[in-house]
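Remarks on the structure that follows.
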Amino acid sequence: QVQLVESGGGLVQAGGSLRLSCAASGRTFSSYAMGWFRQAAGKEREFVARISWSGGNTYYANSVKGRFAASRDNGKNAVYLQMSSLRPEDTAVYYCAARTGGGIRVGVQDYDYWGQGTQVTVSS
């Protein structure tokens, strides 16, 4: 089992950058693929990015491709989401999630553990 805590959210102007962090507890963190999701007010939670257990493979939603980058440090039990060229439509609560299985999965139902989320607000 793993517990996840996100941080790094905040208010930023359009075009700016933020780096989200997700701290994980548990000795088997390096065995989990990790995902980032977001949920805007009144909308369903959606996939943003996914990173493999080794960090060697990443996958992004089309809406963030080229602007966001996921990374991880297994030695620190942490995963990150570097967000650049932010847009007002990126405003949402951002969640990290852990998946015990392999393969690229983008569904909420495919992830086993979730953090509490961190708010990102992009002003125009």
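Values below: every heavy atom of this structure, side chains too, minus hydrogens, waters and symmetry copies.
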Is it true that a side-chain atom of [X] and a backbone atom of [Y] form a donor plus acceptor pair closer than 3.5 Å?
{"X": "R50", "Y": "G103", "value": "yes"}
{"X": "S17", "Y": "S84", "value": "no"}
{"X": "E6", "Y": "C96", "value": "yes"}
{"X": "N74", "Y": "W53", "value": "yes"}
{"X": "R67", "Y": "S85", "value": "yes"}

Do the non-hydrogen side-chain atoms of [X] and [Y] ever get within less than 4.5 Å of each other?
{"X": "Q13", "Y": "L86", "value": "no"}
{"X": "M34", "Y": "R99", "value": "no"}
{"X": "Y32", "Y": "V2", "value": "yes"}
{"X": "V79", "Y": "C22", "value": "yes"}
{"X": "R19", "Y": "L81", "value": "no"}
{"X": "T91", "Y": "Q119", "value": "yes"}

Counting neighbours of OH on Y59 that are heavy atoms of other residues, nucleotides or ligands and sit closer than 6.0 Å, is the number greater than 12?
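No - once you tally the heavy atoms of other residues, nucleotides and ligands closer than 6.0 Å, there are 12 at most.
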
Determine whether more than 12 heavy atoms belonging to other residues, nucleotides or ligands lie under 6.0 Å from atom NZ of K65.
yes

Minimum heavy-atom separation for A24 and F29, please, with both atom names.
CB-CD1, 3.3 Å

Heavy-atom closest pair (A33 atom, G101 atom, distance to 0.1 Å) is CB-O, 4.4 Å

Out of R38, Q116, R45, which residue meets the side-chain contact (heavy atoms from CB on, under 4.5 Å) rule with Y95?
R45

Given M83, which of L20, D90, V64 fulfils the side-chain contact (heavy atoms from CB on, under 4.5 Å) condition?
L20

How many angstroms lie between [atom1] in [X] and [atom2] in [Y], if you round to the nearest 0.5 Å?
{"X": "Q39", "Y": "Y94", "atom1": "CD", "atom2": "OH", "answer": "12.0 Å"}
{"X": "D112", "Y": "T100", "atom1": "CG", "atom2": "OG1", "answer": "4.0 Å"}
{"X": "L18", "Y": "T121", "atom1": "CG", "atom2": "OG1", "answer": "9.5 Å"}

Say whether V12 and W36 are linked into one hydrophobic cluster, either directly or through other cluster members, by side-chain heavy-atom distances under 4.5 angstrom.
yes

Does V93 belong to the same Ile/Leu/Val/Met/Phe/Trp/Tyr cluster as F47, with side-chain heavy atoms less than 4.5 Å apart forming each link?
yes

Distance-only side-chain donor-acceptor flag, Q3 / S25, under 3.5 Å:
yes

Enumerate the disulfide bond (SG atoms under 2.5 Å apart) contacts for residues 50-84, please, sequence neighbours excluded, ordered by first and then second residue.
none

Does the gap between the ring centers of Y111 and F37 come in under 6.0 Å?
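They qualify: ring centres under 6.0 Å apart.
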
Within 45° cone and under 6.0 Å: R72 NZ/CZ vs Y80 ring
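Relative to the ring axis of Y80, which defines the angle, R72 lies outside at least one limit.
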
